[in-house]
Amino acid sequence: MNRDNTSKNFRIADLHVWPNRLAIEVGGVEQKVEPRVMEILVFLASSQPSTVSRESLREALWDAHVSDDAIHRAIWKLRRALGPRPDLLETVAKRGYRLTAPVEWCTDDEDLVRPLANSRQNKGVRVLALLGILSVLLVAWSLVNHDARKPLDVKDPRFDFEPVTSLPGYETQPDLHAQSRRVVFTNFQKEGDSPNQWDLWTRTLDDGRPQRMTATAAHEMSPALSPSGAKVAFVRMQGDDCGFGIVHVATGIEQPLDLDCGAKRDPSDCCRAVGWHSEDRLLVTRREVPTGPIRIYEVELSADGVVAMHSISDPPSQFEGDVDFARSRDGRRLAVVRRRSLEAGDLYVLDLETGVSRQVTTGNYPISGVTWSEDDQDLIFGWRRTGESVLWQVPANGGVPQPTRTIGMNASNPVARGDELIYEEWKSEINIWMLDLDGSSAHPEVQSTLWDWSGSPSPDGTLLAFLSNREGSQEVWLRAGAEHYPLTTLDGRIASGPVWRPDGGAIAVAVVGTQSIDIATVEVNSKAVRWVVTDASDERDPRYSANGGELYFSSNRTGDWEAYSASLETGMVERWTTIGAVAARPAHDGLGIWFVGGDSRGLWRQEAADSEATLILGGFNPIAPTEWTVNREPDRDGEVIYFNHLTDSGAMWMSRLDPKTGEIENLVRLDDGSTIGELYPGNLWVNALGTRALVGSVDQSHSDLWLRKGMARESNDR
């Protein structure tokens with residue numbers, strides 16, 4: 001980098017830049033940018049036309065330990081600042097970033113079109129003043145980013161973040177004892193085709209290094225520290241056996257405990273939550289009978305094992321049950337994750353004195369972990385409302401959930417003690433793969449070091465739309481030949497999409513806001529955004545009708561998920577289903593819809609909004625609501641359904657269903673490691689001939705634990 005240029009004004013095409021003023025003008029509009037964003041722009045300008053790697057940016061502008069996430073967020077902010085000229089900043093795959101137009105530097109005695117001052121006489125005084133302001137801003141910025149223990153960008157200066165673990169593999173399911181500041185967690189590593197080994201580990205936050213607590217042939221998981229911090233209860237799985245154990249922290253000696261997980265529906269069915277009511281009483285999840293729901297039990301202990309046990313929760317019989325919980329600080333309530341199905345559910349608060357439960361969240365989304373704030377007023381939980389898991393906070397007595405502060409894109413399993421919160425952060429490389437459905441070949445179609453998924457080619461095949469967080473936020477990107485560029489700047493997480501209008505002129509997506517998930521369309525040429533459905537409910541999985549005049553989607557506006565349509569001409573919304581629908585697909589002939597729903601979780605067909613639905617296949621259950629599609633192929637009589645699912649044996653396949661005959665043909669196995677890494681759910685696309693498909697693949701992943709300080713301050717500011 002040419003340091004002589006760091007304070008000079010310059011032009012890039014129609015972009016005017018004043019580094020000392022932290023100002024950019026493009027399209028006649030001037031805006032201020034953060035000091036770090038300006039530093040990146042100046043660095044790129046000084047390096048033009050060369051490509052600048054992330055490592056070069058890290059060494060020149062950041063602490064050496066800063067992660068790629070901080071750089072991606074700063075690049076995303078710079079791209080947003082470029083307004084209508086995002087094309088001036090190019091992402092070069094696997095290499096870095098560069099400016100696409102020549103840079104014109106101003107000499108010391110000249111200025112840009114808009115002068116820094118109204119006269120030459122006042123110019124020096126104003127420049128000195130601006131330099132003083134800039135120095136203050138840069139000092140403040142450096143203080144925020146100085147501590148080597150906080151290597152990532154901090155979204156709120158009231159909160160400090162520190163890494164807790166960095167072991168190989170996956171650290172997950174943490175628990176924290178407030179007085180001793182001891183952390184226990186599960187670690188497992190996945191190496192090739194060898195089986196995972198889950199073990200318990202521990203460390204103290206002040207000066208301890210991680211140490212293994214268990215090293216048996218079984219899997220130990222879900223550790224929970226007793227109120228004194230002297231013991232750890234956990235779940236142990238070995239083969240088809242599943243039970244609970246207790247180990248003493250100081251000695252590593254296990255306490256006798258003859259307690260299993262209860263009845264099972266199948267060999268993989270194991271209740272995996274354990275906690276403490278007091279030093280001699282456990283709380284565990286068990287299934288009493290194979291056909292019944294999972295309940296929470298209180299278990300009285302002695303030195304010799306279990307003395308007595310009774311259930312304290314009573315979920316509806318048609319539910320999967322109460323699969324996780326957290327006890328309030330005062331011991332009077334339980335926050336309960338109550339699932340309707342194997343994956344999705346809602347939060348409830350159970351009053352332990354009266355036995356009455358209150359529903360806190362709605363929408364039936366996957367939840368991964370829950371904890372209480374220090375004052376027992378709020379619940380913090382991992383919620384896959386946005387597609388990936390994000391930490392949310394909601395008043396325990398009910399209210400509007402709000403995203404809470406974390407670092408990274410995928411956080412879950414929080415545990416709060418005092419003003420500290422520990423959670424697990426997953427890092428993944430997700431790519432889009434093209435599969436030949438005869439099983440002959442598979443290759444990556446879109447790759448980066450971050451997340452690329454939900455690939456969808458345009459109707460004419462010239463563009464590929466996909467979701468990506470490669471510039472920080474989750475946006476729709478387009479690939480045209482070898483070029484990749486963002487289509488949207490919606491400033492929010494995209495819950496589902498992208499889906500093309502039949503003429504290829506627009507794309508529909510569902511976007512997560514702070515209050516609801518709404519449906520929007522984006523014109524491909526102008527990038528104009530139109531909000532089609534915006535109300536207090538959540539809408540997901542939009543699909544264009546055959547003529548492009550309507551959008552079909554799912555909504556929970558009645559409390560349950562149902563299928564609806566919205567006219568793009570009038571905006572009128574019409575309800576289609578009444579038996580439950582988590583996903584709907586319009587028929588290719590324009591007459592009716594296919595949908596997944598009903599009590600049987602089956603595949604249904606419905607001809608009109610006021611007609612009855614016909615069950616086509618009971619038990620039709622894709623791996624995710626969006627993981628199926630309807631095709632009309634030239635050599636087949638009628639429509640066919642492609643879907644990714646688990647078979648009765650537990651294998652994951654992409655399969656084809658002939659609705660007329662009910663015949664299911666398994667095409668490509670997705671979980672044996674020979675085709676893709678690990679399926680990442682998104683839109684399933686299959687070409688018109690039924691010969692190729694696009695899927696998301698998790699090609700690399702690991703997880704670490706992070707500590708956030710400032711829990712109490714956030715609760716008090718709500």
Side-chain angles (χ1 to χ4, degrees), residues 341-343 433-440 442 454-457 496 499 541 543-546 552 554 561 563 576-577 579-607 611-672 675-676 679-696:
S341 61
L342 288 176
E343 285 295 326
W433 283 64
M434 180 73 78
L435 311 180
D436 286 336
L437 297 188
D438 61 2
S440 61
S454 287
S456 180
S496 53
V499 179
D541 196 24
R543 301 281 160 163
Y544 280 99
S545 62
Y552 294 90
S554 299
W561 287 95
W576 274 69
T577 62
I579 62 173
V582 294
R585 306 283 185 267
H588 282 259
D589 58 9
L591 301 176
I593 62 172
W594 302 83
F595 68 93
V596 177
D599 293 337
S600 69
R601 211 51 154 183
L603 175 67
W604 299 74
R605 172 71 190 240
Q606 188 167 322
E607 300 301 324
S611 65
E612 292 187 2
T614 301
L615 179 63
I616 303 301
L617 179 66
F620 179 81
N621 195 15
I623 200 71
T626 55
E627 284 290 303
W628 66 289
T629 189
V630 181
N631 264 27
R632 183 66 181 267
E633 298 169 5
D635 59 345
R636 295 184 181 273
D637 181 18
E639 294 171 307
V640 291
I641 311 294
Y642 291 86
F643 64 111
N644 296 330
H645 68 115
L646 289 173
T647 64
D648 293 339
S649 65
M652 185 181 296
W653 284 84
M654 181 184 296
S655 300
R656 178 166 50 213
L657 165 67
D658 186 335
K660 289 189 174 181
T661 65
E663 178 183 355
I664 296 177
E665 178 185 3
N666 291 336
L667 302 172
V668 181
R669 185 163 179 177
L670 302 173
D671 63 346
D672 62 357
T675 305
I676 60 174
L679 180 70
Y680 186 79
N683 283 336
L684 174 60
W685 174 86
V686 177
N687 68 345
L689 298 177
T691 58
R692 296 187 302 165
L694 290 176
V695 298

Checking S454 side chain against N683 main chain: does a donor-acceptor pair fall under 3.5 Å?
yes
What pair of heavy atoms forms the shortest contact from [X] to [Y], and how long is it?
X    : Y    : answer
A587 : A546 : O-CB, 4.2 Å
A584 : A563 : CB-CB, 3.9 Å
A613 : I579 : CB-CD1, 4.3 Å

Side chain to side chain contact (heavy atoms under 4.5 Å, CB included) involving [X] - partner list, sequence neighbours excluded:
X    : answer
D438 : D436, S440
V686 : L437, T629, N631, Y642, L684, A693
A651 : T647, S649, W653, R669, D671
A442 : W433, L435, T675

Would you call [X] and [Y] a side-chain contact if the rule is heavy atoms closer than 4.5 Å?
X    : Y    : value
L603 : W628 : yes
P457 : L694 : yes
P625 : V596 : no
I641 : L617 : no

For the [atom1] atom of [X] and the [atom2] atom of [Y], what is their distance to the nearest 0.5 Å?
X    : Y    : atom1 : atom2 : result
F643 : N621 : CZ    : CG    : 9.5 Å
L657 : H645 : CG    : NE2   : 9.5 Å
T577 : I593 : OG1   : CD1   : 6.0 Å
R605 : T614 : CZ    : OG1   : 9.0 Å
N644 : M652 : CG    : CE    : 8.0 Å

Give every residue pair that meets the salt bridge (charged side-chain N to carboxylate O under 4.0 Å, His left out) criterion with at least one member in residues 652-663, sequence neighbours excluded.
D637-K660, R656-E665
What I want to check is whether the side chains of N666 and S655 have a donor and an acceptor closer together than 3.5 Å.
yes
List for me each residue that meets side chain to side chain donor-acceptor pair (under 3.5 Å) alongside W685, sequence neighbours excluded, and say none if there are none.
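By the side chain to side chain donor-acceptor pair (under 3.5 Å) rule, W685 matches no residue at all.
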Residues passing the side chain to side chain donor-acceptor pair (under 3.5 Å) test with T691, sequence neighbours excluded, are N687
Residues at least two apart in sequence or cross-chain that pass ring-ring contact (aromatic ring centres under 6.0 Å, His included) with Y552, listed by chain then number, are W576
Listed once per pair and sorted, the side chain to side chain donor-acceptor pair (under 3.5 Å) pairs that draw on residues 586-598, sequence neighbours left out
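Applying side chain to side chain donor-acceptor pair (under 3.5 Å) to every pair that reaches into residues 586-598, excluding sequence neighbours, yields W594-E639.
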Under the salt bridge (charged side-chain N to carboxylate O under 4.0 Å, His left out) test, residues paired with R585 that sit two or more places apart
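Partners of R585 by the salt bridge (charged side-chain N to carboxylate O under 4.0 Å, His left out) criterion, ordered by chain and then number, come out as D541.
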Salt bridge (charged side-chain N to carboxylate O under 4.0 Å, His left out) against E627, all qualifying residues, sequence neighbours excluded
none
